[in-house]
Amino acid sequence: MRPFGYAAPATVDQAVGLLEAEGSEALAGGTDLLSLLKDDVERVERLVALGGVTGLSGIELAGGMLRIGAMTTLQELRDHDDAIAALPALSVAIDGVASPQLRAMGTVGGDLLQRPRCWYYRRGFGLLALAADGRSMVTAGDNRYHAIFPEGEARFVNPSSLAPLLVAVGAEAVVRGPAGERRQPVEALYRAPEVDGERENTLAPGELLVGVEANVEGSRSAVYEVRQRRALDWPLMAAAVSLTGSGARTERARIVLGHAAPVPHVATAAGDLLAGQELTPETVAAAADAAVEGARPMSGNRYKVQLARTAVRRALGRAAGMEI
Amino acid sequence: MTDDAKRSGLSRRSFLRSGAAGALSGGLAAGLLTEEAAGAAADTDAPKTVGPGPVEIELEVNGVTRRLAVEPRVTLLDGLRDRLDVTGPKRVCDRGTCGACTVLEEGRPIYACSRLMIESAGRSVTTVEGLGSPDAMHDVQQAFVENDAQQCGYCTPGFVVATAALLARHPAPSEQEIEAGLGGNLCRCGTYKGIRAVVEGAGGGGVSGG
Ligand SMILES: Cc1cc2nc3c(=O)[nH]c(=O)nc-3n(C[C@H](O)[C@H](O)[C@H](O)COP(=O)(O)OP(=O)(O)OC[C@H]3O[C@@H](n4cnc5c(N)ncnc54)[C@H](O)[C@@H]3O)c2cc1C
Ligand code: FES
Ligand code: FES
């Protein structure tokens with residue numbers, strides 16, 4: 001690693017002040033950031049350690065609102081019985097990060113803001129991986145784990161296991177920056193960069209993620225991940241769903257794909273299809289087909305379209321408590 | 001204090017002013033804090049930036065308080081191995097994907113390659129050496145020997161620590177708990193069968209994590 005400075009603020013305001021300076025970067029559990037620094041993919045002048053900042057960790061459940069501090073570790077969240085009871089699908093998403101060491105170190109904020117795993121990005125070719133002549137290395141090269149819903153030249157996938165679920169349940173991200181606090185839906189944390197050097201998250205310099213909040217009452221949610229390996233790897237495809245409505249009829253359905261697009265991919269049409277419907281093998285299959293409509297797989301990732309269909313079907317089945 | 005630290009205008013006090021506030025709210029054992037540091041925690045001034053030169057830190061390694069000056073960029077793994085000569089934890093992938101570097105920090109299993117040593121300041125770290133010695137082996141170490149749970153031995157220190165952490169949490173782990181508990185460690189020689197025997201033996205009360 002190249003040399004860098006280190007500061008350990010005690011308050012969010014101090015952290016914001018430090019992060020405003022060019023070349024400063026937030027350090028949470030370090031499990032992603034240190035690898036990027038070792039590989040010289042990212043460079044920093046100074047790391048701002050969030051570990052000692054008060055008010056960034058902890059879990060609260062009151063009146064159906066679940067609040068999770070950004071510095072809460074994945075293990076702390078997994079061990080919080082009330083949070084898991086309120087949103088059982090969290091356990092599936094967290095257990096997928098199948099290493100006790102990563103769960104003990106990795107934080108909720110770090111999981112949401114971890115950088116893409118795209119191997120072109122990780123080798124230093126940038127998030128858009130454009131060759132000198134402007135052509136995409138991804139379409140020309142090995143793209144087996146890449147997006148089936150690319151956006152412009154952005155063909156990497158969002159790697160977070162928590163993001164699809166939090167987007168499905170309509171969670172909000174609480175962000176603090178030089179201008180104070182702002183709240184936005186978790187999906188608004190992400191964007192597909194349009195030019196090289198642009199980040200895939202929407203945090204401005206000096207901004208940090210304080211936590212996430214979700215109303216988890218009155219909905220049923222589920223996550224289904226398709227994995228090649230059960231440990232030490234990311235899923236090939238993931239689907240998170242959240243359903244409201246009583247009895248057999250679904251009032252509203254939110255279906256979100258992970259590992260399908262540069263951002264958590266909200267399958268709007270698929271969700272709309274289920275509104276007011278009863279979940280049956282037929283309606284579920286129709287929703288799964290709708291979820292992949294418009295997919296644009298590349299030379300090596302056509303298989304992910306079928307994985308997405310299956311993940312949606314099984315996540316819906318899990319949420320509805322039926323075998324599909 | 002080293003010359004490098006002097007050159008970058010640092011003093012021990014300046015590190016503690018910035019570092020201790022973090023350590024405090026991180027649940028640091030009060031006994032490890034110097035008075036100076038405890039006073040600084042209440043300080044609302046913007047914290048100082050330390051480094052990139054060496055910064056003096058203190059941490060507990062296998063029950064012994066160690067003091068050294070490290071650059072912020074030094075990982076806990078490299079600091080342990082290269083500076084403190086604690087070579088049990090191994091450097092294999094250096095990227096959080098194999099488990100050979102597993103140590104306990106405040107009792108929790110972590111990848112020492114993926115933690116900055118400066119982040120462990122004021123905390124206690126236990127490596128395979130701290131669990132037991134050849135003359136007085138920890139139950140888990142003894143069970144690894146008895147079950148022939150090693151071949152080249154490179155993954156073994158990490159596996160022993162991860163196994164001790166698993167058994168401390170689940171004294172008689174289920175199949176699922178074993179997979180989740182040891183999923184963060186890889187063995188290239190394929191000694192999984194022996195390691196499984198170690199953990200399953202624990203169910204019979206032979207091995208404990210404590
Ligand atoms: C082998 C392996 C397998 C993995 N498998 C999975 C998996 O299946 N699913 C999954 O979701 N993850 C997986 N992970 C990723 C792991 O979950 C992340 O590395 C971890 O969650 C990152 O958290 P951290 O606290 O260590 O973040 P860091 O590495 O400290 O930070 C990551 C990024 O987020 C930024 N950041 C962190 N917190 C904040 C904040 N509060 N405000 C602003 N910016 C912030 C940092 O600046 C940095 O850019 C895997 C990792 C490894 C090594
Ligand atoms: S060396 Fe740390 S996990 Fe491989
Ligand atoms: S014994 Fe050789 S890697 Fe495990």
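Being a predicted model, the structure only gives us computed values, none of them experimental. A, B, ... follow the sequence lines: proteins, then strands. Residue 1 opens every chain.
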Intermediate values then yes/no, side-chain contact (heavy atoms from CB on, under 4.5 Å), A:Trp119 and A:Asp142:
CA-CA 9 Å; A:Trp119 43 41; A:Asp142 190 338; 3.4 Å; yes

Using a heavy-atom distance cut-off of less than 4.5 Å, which residues of [range] contact chain B?
| range | value |
| --- | --- |
| residues 75-86 of chain A | A:Gln75, A:Asp79 |
| residues 19-28 of chain A | A:Leu27, A:Ala28 |
| residues 221-240 of chain A | A:Arg230, A:Ala231, A:Leu232 |

| Do A:Tyr121 and A:Glu200 come within less than 4.5 Å of each other through their side chains, counting heavy atoms only? |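 Counting from C-beta outward, A:Tyr121 and A:Glu200 never come under 4.5 Å.
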
request  = Answer whether the closest heavy-atom distance between the side chains of A:Met1 and B:Leu116 falls below 4.5 Å.
outcome  =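 Side-chain contact under 4.5 Å: yes.
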
Portion of A:Leu33 that has a non-hydrogen atom of chain B nearer than 4.5 angstrom =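 Neither part, no heavy atoms under 4.5 Å.
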
Can you tell which part of A:Leu50 gets under 4.5 Å to a heavy atom of chain B, answering side chain, backbone, both or neither?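 It is neither, since no heavy atom gets under 4.5 Å.
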
CA sep, side-chain torsions, deciding dist, call: B:Cys113, B:Arg91, side-chain contact (heavy atoms from CB on, under 4.5 Å): CA-CA 7 Å; B:Cys113 70; B:Arg91 192 188 211 246; 5.9 Å; no

How long is the straight-line distance from [atom2] of [Y] back to [atom1] of [X], given to the nearest 0.5 Å?
| X | Y | atom1 | atom2 | result |
| --- | --- | --- | --- | --- |
| B:Leu80 | B:Thr75 | CG | OG1 | 8.5 Å |
| B:Ile57 | B:Arg123 | CD1 | CZ | 11.5 Å |
| B:Cys155 | B:Ile195 | SG | CD1 | 5.0 Å |
| B:Thr163 | B:Phe144 | OG1 | CZ | 4.0 Å |
| B:Arg115 | B:Leu77 | CZ | CG | 13.0 Å |
| B:Glu56 | B:Ile118 | CD | CD1 | 11.5 Å |

(request) Pick whichever of A:Leu18, A:Val48, A:Asp13, A:Asp39 has the most heavy-atom pairs under 4.5 Å with chain B. (result)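 Max contact count across the listed options: A:Asp39.
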
A:Ser161 side chain to A:Asp111 side chain, donor-acceptor N/O pair below 3.5 angstrom
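Short answer, no.
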
Modelled atom types, side-chain donor and acceptor of B:Glu129 and B:Thr127, under 3.5 Å: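 Yes, side-chain donor-acceptor contact under 3.5 Å.
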
Test of understanding: with salt bridge (Lys or Arg N to Asp or Glu O under 4.0 Å), list the residues that count as partners of A:Arg2, not counting sequence neighbours.
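Salt bridge (Lys or Arg N to Asp or Glu O under 4.0 Å) list for A:Arg2, sorted by chain: A:Asp40.
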
Verdict with supporting geometry, A:Arg115 and A:Asp32, salt bridge (charged side-chain N to carboxylate O under 4.0 Å, His left out)
CA-CA 7 Å; A:Arg115 312 300 309 276; A:Asp32 186 30; over 6 Å; no

Side chain, backbone, both or neither: which part of [X] has a heavy atom under 4.5 Å from chain A?
| X | value |
| --- | --- |
| B:Leu166 | neither |
| B:Glu105 | neither |
| B:Arg95 | both |

Checklist entry - Is there a donor-acceptor pair under 3.5 Å between the side chain of B:Glu177 and the backbone N or O of B:Ser174? => result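 Confirmed, B:Glu177 side chain pairs with B:Ser174 backbone.
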
- Query: Between B:Asp94, B:Thr102, B:Leu182, B:Thr97, which shows the greatest number of heavy-atom pairs under 4.5 Å with chain A?
  - Reply: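 The answer is B:Asp94.
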
Practice prompt. Tell me, yes or no, whether the heavy-atom count around A:Arg182 atom CZ, taken from other residues, nucleotides or ligands under 6.0 Å, exceeds 12.
Written response: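 For A:Arg182, atom CZ is crowded (more than 12 foreign heavy atoms under 6.0 Å).
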
